[in-house]
Amino acid sequence: MNPPATHSLRKRLLFFLLLAILLASVVQGVSAYRGALQQADDMFDYHLQQMARSLRGGIPLGPPAPDSDAPGDFDFYVQIWGPDGAQIFRSAPRALPPQAVLGFSDVTVGGTSYRVYSVQTPLQTVQIAQNMSARLARARALAAHAVLPIALMAPLLMLVVWWVISRSLAPVERTRRQVASRSAGDLSPLPGEGLPEEVRPLVDELNLLLGRVRTAFDAQTQFVANAAHELRSPLTALKLQAQALRRSGDEAAREVSVARLNQGIDRAIRLVEQLLALAREEAGPGHPAAGERLNLQDAVQFAVADVLPQAQVRHIDLGVGDTEPAWVHGQLDALRILLRNLLDNALKYTPPPGRVDVALRIVGAHAVLVVEDSGPGIAPPDRTRVFDRFFRAASDAGASGSGLGLAIVKTIADRHGATIRLDRSERLGGLLVEVRFPLADAAPAPS
């Protein structure tokens, strides 16, 4: 599939604005030209009318001069007839039509068009004519003078529009150059000074995004460093166990070495699984609304089924207390991992024969998931730190682990808008973990 075509905002604005100016100038120029022609025509008709009226009572001075016989030397041609119809004066040898039509009329004599105005009085009839070619030439000259300012202003206006758009988009271009010149590791905020109000919100959102990326990048850098440190110890232990297996002389020692090697491999696999789970959850969507609407009871059932064989091997009584449907927004696999880590920690640190209980109930607008055990619990000073990566409380010294289980639980809970509370279980004497999820708006309609 072809990528979508891109366009330049500056070029698009210039194109449409300059095109609008050009079209408006053409329309205005044509309108002004036609209006000027009409006004000139009306003005020339008015002159003909005024001249005819001024000659109604006047007496011609005499016949035309000999050097003025050429019709082209006259702007106007005058003919006057007496009351008996005899011509008593004409301004040029070329005679116009003897039959005068009162008022305005257009006539053609000898291939030349004239605009004629005639007026009649009791004493005489006066006829004034004007050559249409000369009249039209003068009208066009007047119309051209009317259009000239528009023709001069259109390019000037285009230049002003080009300058204004270029100046207005200069801050955007400056920001583009700043982003283009940055290195891959430069996540500092972009300067917002001088940006237009329409662009400033975009830059602000980009700065927020850069801040989130910087935070995630720092967290991932710290995570990789911690993971490398934590992986070094089990891998070193695996290497030593492999060397001990090679040096084993009898079958019993070899069996012990193989068992220890398998345990080390299992611990390394568990650590890698938890690292991948933590990385996956941290990279997931950051709001519970991004997930589906689900019943938290399903996550409880799946998680209990996952750890039930482990509880049976360790002789731990794993029980599910009172539960009721609790609809929340989230991702079923993530919530299953959350509860499975809580149960795995409870089973791991509860000495056999012990007891671990799970309950789910509705309290107000929240679904409350409770996991209790009969283990040693966590000391109050350590309860705020157990959610840190690779941190292990003093009570965990006797059990194997990586210190990532509760960190994964905290990450998933944060993504789902849930809160976690650690306390002492009054009923079983060990640790009580309470996770509160906001309920979805309403339960689904029955099928």
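All residue numbers in this chain count up from 1 along the given sequence. All values reported here derive from a predicted model rather than from experimental measurement.
Leu294 places a side-chain heavy atom less than 4.5 Å from the side chain of Val328. Side chains of Lys11 and Phe15 form no contact here, defined as non-hydrogen atoms less than 4.5 Å apart. Counting only heavy atoms from C-beta outward, the side chains of Thr350 and Arg355 never approach each other to under 4.5 Å. Counting heavy atoms from C-beta outward, His329 and Phe437 have side chains that stay 4.5 Å or more apart. Residues Leu431 and Tyr349 fail the side-chain proximity criterion, which asks for heavy atoms closer than 4.5 Å. Side-chain contact between Asp357 and Asp317 is absent, with no heavy atoms from C-beta onward closer than 4.5 Å.
Looking at residues two or more places apart in sequence or on another chain, you find a side chain to side chain contact (heavy atoms under 4.5 Å, CB included) between Met43 and His47, Leu142.
Heavy atoms only, all atoms of each residue included: Asp373 and Ala346 are closest at OD2-CB, 3.7 Å.
For CZ of Phe104, the number of neighbouring non-hydrogen atoms (other residues, nucleotides, ligands) closer than 6.0 Å is greater than 12.
Counting only distance, with no hydrogens or angles, the side chain of Arg115 and the backbone of Asp41 share no donor-acceptor pair below 3.5 Å. A donor-acceptor pair under 3.5 Å is absent between the side-chain atoms of Asp344 and the main chain of Arg340, judged by distance alone.
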Report, one line per pair, each donor and acceptor closer than 3.5 Å where one atom sits in a side chain of residues 200-214; sequence neighbours left out.
{"from": "Arg200", "atom 1": "NE", "to": "Asp204", "atom 2": "OD1", "distance (Å)": "3.3"}
{"from": "Arg200", "atom 1": "NH1", "to": "Gly192", "atom 2": "O", "distance (Å)": "3.1"}
{"from": "Asn207", "atom 1": "OD1", "to": "Leu190", "atom 2": "N", "distance (Å)": "2.5"}
{"from": "Asn207", "atom 1": "ND2", "to": "Leu190", "atom 2": "O", "distance (Å)": "3.1"}
{"from": "Asn207", "atom 1": "ND2", "to": "Val203", "atom 2": "O", "distance (Å)": "3.4"}
{"from": "Arg214", "atom 1": "NH1", "to": "Leu187", "atom 2": "O", "distance (Å)": "2.6"}

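The CD atom of Gln49 sits 11.0 Å away from atom CG of Asp42, with the distance rounded to the nearest 0.5 Å.
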